[in-house]
2 protein chains.
Amino acid sequence: MKNLPHKTIERLSQYRRALLLCHAKGMTYIYSHEIAKIQHITAVQVRRDIMLIGYTGTLRKGYNVKELIDLIGQIIDSKEGINVCVVGIGNLGRAITNYFSGKRTKLSIVAVFDVDKGKVGKKYHGIECFDLADMTKIIKEKKIEIAIMTVPGEDAPMISDMLVKAGIIGMLNYTPKPVNVPKEVYLEEYDMITSLEKVAFFVKTH
Amino acid sequence: MKNLPHKTIERLSQYRRALLLCHAKGMTYIYSHEIAKIQHITAVQVRRDIMLIGYTGTLRKGYNVKELIDLIGQIIDSKEGINVCVVGIGNLGRAITNYFSGKRTKLSIVAVFDVDKGKVGKKYHGIECFDLADMTKIIKEKKIEIAIMTVPGEDAPMISDMLVKAGIIGMLNYTPKPVNVPKEVYLEEYDMITSLEKVAFFVKTH
DNA sequence: AGAAAAATGTTAATTATTTCACAATGTTAA
DNA sequence: TTAACATTGTGAAATAATTAACATTTTTCT
Ligand SMILES: NC(=O)c1ccc[n+]([C@@H]2O[C@H](COP(=O)([O-])OP(=O)(O)OC[C@H]3O[C@@H](n4cnc5c(N)ncnc54)[C@H](O)[C@@H]3O)[C@@H](O)[C@H]2O)c1
Ligand SMILES: NC(=O)c1ccc[n+]([C@@H]2O[C@H](COP(=O)([O-])OP(=O)(O)OC[C@H]3O[C@@H](n4cnc5c(N)ncnc54)[C@H](O)[C@@H]3O)[C@@H](O)[C@H]2O)c1
């Protein structure tokens with residue numbers, strides 16, 4: 001299941017989120033146009049994505065919610081699970097830690113790091129905060145593969161280098177400072193100001 | 001300057017962010033490949049984006065940093081400035097309010113709203129928190145056009161409807177619950193779990 | 001039973017975005 | 001003064017993503 005388009009991967013994650021809610025409400029089947037409605041996209045797009053992962057629904061009945069959830073899991077989750085850490089437990093780091101905890105069994109935040117001695121040793125949503133100085137050691141001990149960076153922008157390049165040296169293979173950078181990583185490391189960056197400016201621009205142009 | 005690709009708009013915002021840093025450091029000219037390096041993209045892409053906004057650099061000297069910053073501003077900022085509000089001043093709302101304040105003169109967070117009476121009346125980074133019950137009134141009074149939602153997911157649809165009725169024309173939804181808005185309202189949604197799952201997926205497939 | 005309706009699955013067409021390739025031209029160095 | 005070089009600007013090609021169109025199948029209705 002290699003060559004899935006990037007956009008399809010994003011949508012599969014979103015479908016699953018929506019499907020989990022539907023499943024919790026007791027729905028057993030769902031139509032492509034119902035999924036589409038939730039995600040503000042077209043039904044064809046949903047069907048195409050589902051086709052790409054090789055699932056087939058039942059004609060006139062739609063897709064089996066539980067089966068689809070499980071299949072999406074097989075595609076996007078890694079079997080053994082992946083350990084994640086958050087670096088910088090300020091407002092954003094706490095929001096993320098809080099939001100993620102317990103949401104996905106295959107992705108667990110298992111450590112947070114900070115330089116602030118007042119934070120080291122404390123727990124955030126059940127996850128222990130370690131001293132930045134011990135980061136490399138803990139990343140190896142706990143087999144952490146993905147890092148989320150929420151430190152001040154000016155420290156991002158330095159922390160990024162440390163994370164790469166410690167063996168991280170995926171990074172999510174929420175600081176406003178783009179970082180450089182070797183090509184073996186998968187990097188995703190997101191900045192809220194860019195999103196807001198985009199909204200502001202398209203608001204003007206209807 | 002209508003038909004700029006969505007992706008170009010996002011990148012222009014990112015270029016400006018980078019250029020502002022360069023300008024602050026005293027750089028007066030910058031090459032396309034230098035901008036490209038910062039953003040992890042190709043120099044051609046940078047040149048094409050700049051071409052699309054009708055700016056031309058100086059051969060072998062690159063682009064004038066200040067001029068380019070100003071031109072990007074003319075394209076993506078609205079002349080009069082836009083007022084923004086944040087609904088739900090929890091961890092994420094505070095992180096956003098903190099991060100945005102003073103960053104962009106043309107986009108100002110001028111109010112935050114919450115239901116928690118303990119928060120109403122307090123100031124967050126200099127911005128007053130109002131009672132949700134007064135939201136419609138305040139949005140009109142303060143001419144707020146864009147809203148950022150950081151309330152619990154289950155309240156998102158209700159708050160979204162209220163915001164639309166109050167006259168909002170752009171919305172940034174950070175709750176995990178997709179919302180429906182009329183087509184006149186420009187909506188952007190972002191979920192960190194989707195980003196993290198994407199990283200996890202591509203980490204597996206090199 | 002047969003016709004109409006409502007879905008899925010998929011090929012082909014379209015649209016959006018990125019990259020290639022290279023002409024044009026100013027700069028540096030011999 | 002000329003050759004080599006470095007950089008911009010852009011048409012054309014390539015790639016990626018979305019949408020249209022429709023055959024197919026199941027269900028429902030008459
Ligand atoms: N991407 C976005 O959309 C977005 C939104 C909000 C904030 N931000 C950025 O996220 C980062 C964090 O924002 P915040 O509001 O949580 O800030 P914050 O100041 O509340 O938190 C920063 C935390 O990092 C810690 N820290 C500082 N230096 C460190 C280091 N070298 N190593 C480890 N920890 C360190 C601090 O002790 C603090 O706990 C900032 O860079 C901010 O600009 C990004
Ligand atoms: N998109 C993302 O990546 C991301 C990341 C983290 C959190 N989240 C989501 O953002 C939201 C906020 O997260 P948080 O960590 O700040 O939560 P939080 O509980 O710290 O904050 C929620 C705030 O909203 C207020 N609130 C509750 N109901 C309200 C209502 N009806 N109207 C106005 N205010 C109301 C609460 O009083 C509180 O101040 C949640 O939906 C969470 O799932 C999203």
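Values reported hereafter were calculated over all heavy atoms of this structure, with side chains retained and with hydrogens, waters and symmetry mates removed.
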Proximity to DNA chain D (any heavy atom under 4.0 Å), residues of residues 41-51 of chain A only: T42(A), V44(A), Q45(A), R48(A)
Salt-bridge criterion met for E154(B) and K177(B) (N-O under 4.0 Å): no
Holding to salt bridge (Lys or Arg N to Asp or Glu O under 4.0 Å), I want the full list of residues that pass it with R94(A), two or more places apart in sequence or in another chain. none
Sequence neighbours excluded - salt bridge (Lys or Arg N to Asp or Glu O under 4.0 Å) pairs with any residue from residues 41-68 of chain A: R11(A)-D49(A), K66(A)-D70(A)
Just jot down the side chain to side chain donor-acceptor pair (under 3.5 Å) partners of N173(B), sequence neighbours excluded, or say none. T175(B), E189(B)
Does Y99(A) have any ring-ring contact (aromatic ring centres under 6.0 Å, His included) partners at least two apart in sequence or in another chain, and if so, which? none
Keeping to residues at least two apart or across chains, list the side chain to side chain donor-acceptor pair (under 3.5 Å) pairs with something in residues 128-137 of chain A. K117(A)-D131(A)
With sequence neighbours left out, the residues meeting side chain to side chain donor-acceptor pair (under 3.5 Å) with N83(B) are none
Does anything in residues 60-73 of chain A reach DNA chain D, meaning a heavy atom under 4.0 Å, and if so which residues? R60(A)
Can you give the dot-bracket line for DNA chain C, using ( ) for pairs inside the strand, [ ] for pairs that cross earlier ones, | for pairs with another strand and . for unpaired bases, where Watson-Crick and G-U count if both distances are under 3.5 Å? ||||||||||||||||||||||||||||||
Would you please name every residue forming a side chain to side chain donor-acceptor pair (under 3.5 Å) with Y29(A), sequence neighbours left out? none
Residues which pass side chain to side chain donor-acceptor pair (under 3.5 Å) with E141(A), listed by chain and number, not counting sequence neighbours: none
Can you pull the salt bridge (Lys or Arg N to Asp or Glu O under 4.0 Å) pairs that have at least one residue in residues 155-171 of chain B, sequence neighbours excluded? none
